[in-house]
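Presented below is the structure to which this report refers.
All ligand and atom numbering here is 1-based and tracks the order in the structure.
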Amino acid sequence: MTDVRSARTGGADYRPMTESTLAPYLAGFNEVAVILGGTAQDWKVSEVGDGNLNLVFIVRGPEGALIVKQALPYVRLVGDSWPLPLDRSFFESQALITEDAAAPGLVPKVILFDAMQALVVMEFLTPHIIMRKGLIDGVEFPRFAATLSEFMAQSLFKTSDLYLPAAEKKRQMAAFCANTELCRITEDLVFTDPYRAAKLNHWTSPQLDDIALEFRADGPLKAAAQAMKLKFLSHAEALVHGDLHSGSIMATSTDVRVIDPEFAFFGPMGFDVGALIGNLILAYLSQMGHEDEKGGRDAYRAWILKQMVDVWTLFSARFVDLWSTEGKGDAFTAELFTDAASRAALAEEQARYMRSLFEDTLGFAGCKMIRRILG
Ligand code: ADP
Ligand code: MG
């Protein structure tokens with residue numbers, strides 16, 4: 001990870017790119033030209049157009065293609081009434097680089113980060129589709145559970161105190177600490193707004209009106225959600241992706257990748273695992289509507305359920321395996337656990353740790369599901 005200060009992202013020369021300005025701008029970067037081939041005149045630029053927050057372009061050259069993602073000083077979906085800092089582009093590029101180092105090949109490769117333009121050039125994933133679309137259409141992705149469990153185990157373990165020396169962990173934390181604005185979106189939209197009358201709330205009305213009211217009046221539920229919010233705010237366990245749902249996953253039948261980590265920060269590991277599991281539960285429930293479809297969606301529902309079980313089972317086994325074989329961080333100092341009795345005690349502690357991580361996972365999954373329904 002570089003030491004570039006996020007505060008430098010965006011500058012006097014910052015300007016949102018267009019389909020006509022992007023190619024001449026990219027021509028200045030040899031690492032880009034090498035991949036695309038030819039010269040700027042040969043490059044075809046098209047805006048993908050479905051980004052919620054940012055501009056996303058596909059640039060095609062005679063020899064290859066790339067994705068360019070540029071932050072706007074506001075939320076794209078809403079407009080300039082909702083300002084959002086450009087430095088999210090810095091956090092996204094740094095998170096992609098850190099994740100690729102921990103779990104090679106599971107995120108798009110970063111080719112270039114230009115702080116001045118708040119812009120990341122990255123590998124173009126093709127013919128991948130956004131997994132959310134596949135889930136709606138009933139597409140099975142055979143590599144999903146294996147890849148996501150590996151991604152989470154590696155990226156969470158290798159940015160935690162179980163793996164990193166304390167000084168390095170703190171150095172990385174310091175860099176991501178400044179991602180306060182995007183964290184705040186989660187703090188408000190996931191943990192607080194569904195439990196109060198908030199401007200941005202939206203639910204299926206009038207069917208869920210009573211439920212929305214009930215949730216706002218449910219003291220124990222509000223206290224439980226705020227307990228999860230406190231963990232989100234204060235448990236800096238590892239670099240979490242921060243928005244790990246099926247809209248941040250691109251897949252084919254043979255490959256699965258994680259994209260869009262602009263919400264990344266040092267937080268509780270269960271937030272990523274829970275986001276993913278909660279998303280699968282909602283996908284499972286939404287398949288209920290397809291009951292009378294010819295052939296039925298029973299088999300697909302069963303596939304989604306199996307992914308839920310597999311993601312947790314594979315993730316937890318892999319995480320403990322990494323801890324046992326590469327646990328060289330400052331937590332659980334390895335030289336204390338060389339004899340058999342100590343190793344057995346460590347194994348018990350690992351089991352306790354994973355139980356607690358599972359509880360966090362379920363709590364965060366619940367918060368994310370409530371947010372999707374009422375938020
Ligand atoms: P935002 O954060 O603004 O929502 P995303 O990172 O989710 O933007 O990207 C928006 C869309 O652009 C994705 O849904 C996907 O279709 C496309 N996309 C993003 N990154 C890539 C990539 N590396 N390869 C191919 N398509 C991509
Ligand atoms: Mg995004």
Atoms of ligand 1 less than 4.0 Å from M122 heavy atoms?
23 (N)

Salt bridge between K69 and D260, side-chain N to carboxylate O under 4.0 Å?
yes

Steps toward side chain to side chain donor-acceptor pair (under 3.5 Å) verdict (H128, R257)
CA-CA 9 Å; H128 299 61; R257 308 284 193 102; 4.6 Å; no

Are R143 and D255 ion-paired here, with the side-chain N under 4.0 Å from a carboxylate O?
no

Checking heavy atoms under 4.0 Å, the part of M250 that sits near ligand 1 is side chain

Flag the pair E181 and R88 as a salt bridge only when some basic side-chain nitrogen lies within less than 4.0 angstrom of an acidic carboxylate oxygen.
no

Give yes if a backbone or side-chain nitrogen or oxygen of L53 is under 3.5 Å from a nitrogen or oxygen of ligand 1, and no if not.
yes

If the cut-off is 4.0 Å to any non-hydrogen atom of E262, which atoms of ligand 1 fall inside it?
2 (O)

Between H245 and D243, do the side chains contain an N or O donor and an N or O acceptor separated by less than 3.5 Å?
yes

Would you say the side chains of S342 and D339 form a donor-acceptor pair under 3.5 Å?
yes

Option among R76, E92, E262, Q70 that satisfies the side chain to side chain donor-acceptor pair (under 3.5 Å) test with N54
E262

Backbone or side-chain N or O of I259 under 3.5 Å from ligand 1 N or O:
no

In terms of ring plane angle, is the pair F191 and F232 parallel, tilted or perpendicular, where the classes change at 30° and 60°?
tilted

Residue V48 vicinity, atoms of ligand 1 by number, heavy atom under 4.0 Å:
12 (O)

Shortest protein heavy-atom distance from atom 22 (C) of ligand 1, along with the residue and atom involved:
I67 CG1, 3.4 Å

re atom 7 (O) of ligand 1, the protein heavy-atom contact at minimum distance is D260 OD2, 3.2 Å

Atoms in ligand 1 with a heavy atom of F124 nearer than 4.0 Å
24 (N), 25 (C)

Among non-hydrogen protein atoms, atom 10 (C) of ligand 1 lies closest to D50 OD1, 3.6 Å

Indicate whether the side chain of T192 and that of K229 have a donor and an acceptor atom separated by less than 3.5 Å.
yes

Using distance alone, determine whether E123 and ligand 1 share an N or O pair under 3.5 Å.
yes

Step through it carefully: locate the ring centre of F157, locate the ring centre of W323, and say whether they are under 6.0 Å apart.
no

Protein heavy atom at shortest distance from atom 9 (O) of ligand 1:
V56 CG2, 3.8 Å

In ligand 1, the atoms that come under 4.0 Å of a heavy atom of I130 are 13 (C), 14 (O), 15 (C), 16 (O)

Same cluster for L362 and F315 if Ile/Leu/Val/Met/Phe/Trp/Tyr side chains link at under 4.5 Å?
yes

Between H241 (side chain only) and I259 (backbone N and O only), is there a donor and an acceptor less than 3.5 Å apart?
yes

Considering non-hydrogen atoms of the protein only, which is the closest contact for atom 24 (N) of ligand 1, and what is the distance?
L125 N, 2.9 Å

K69 heavy atoms within 4.0 Å reach ligand 1 at atoms 1 (P), 2 (O), 5 (P), 6 (O), 8 (O)

At under 4.0 Å between heavy atoms, which part of N54 makes contact with ligand 1: side chain, backbone, both or neither?
both

Atom CZ of R184: over 12 foreign heavy atoms under 6.0 Å
no

Should you measure from each heavy atom of N52, which atoms of ligand 1 turn up under 4.0 Å away?
1 (P), 3 (O), 4 (O)

How many protein N, O or S atoms sit closer than 2.8 Å to the Mg ion (ligand 2)?
3

Indicate the ring-plane relationship of F176 and F91, choosing parallel, tilted or perpendicular according to the 30° and 60° boundaries.
tilted

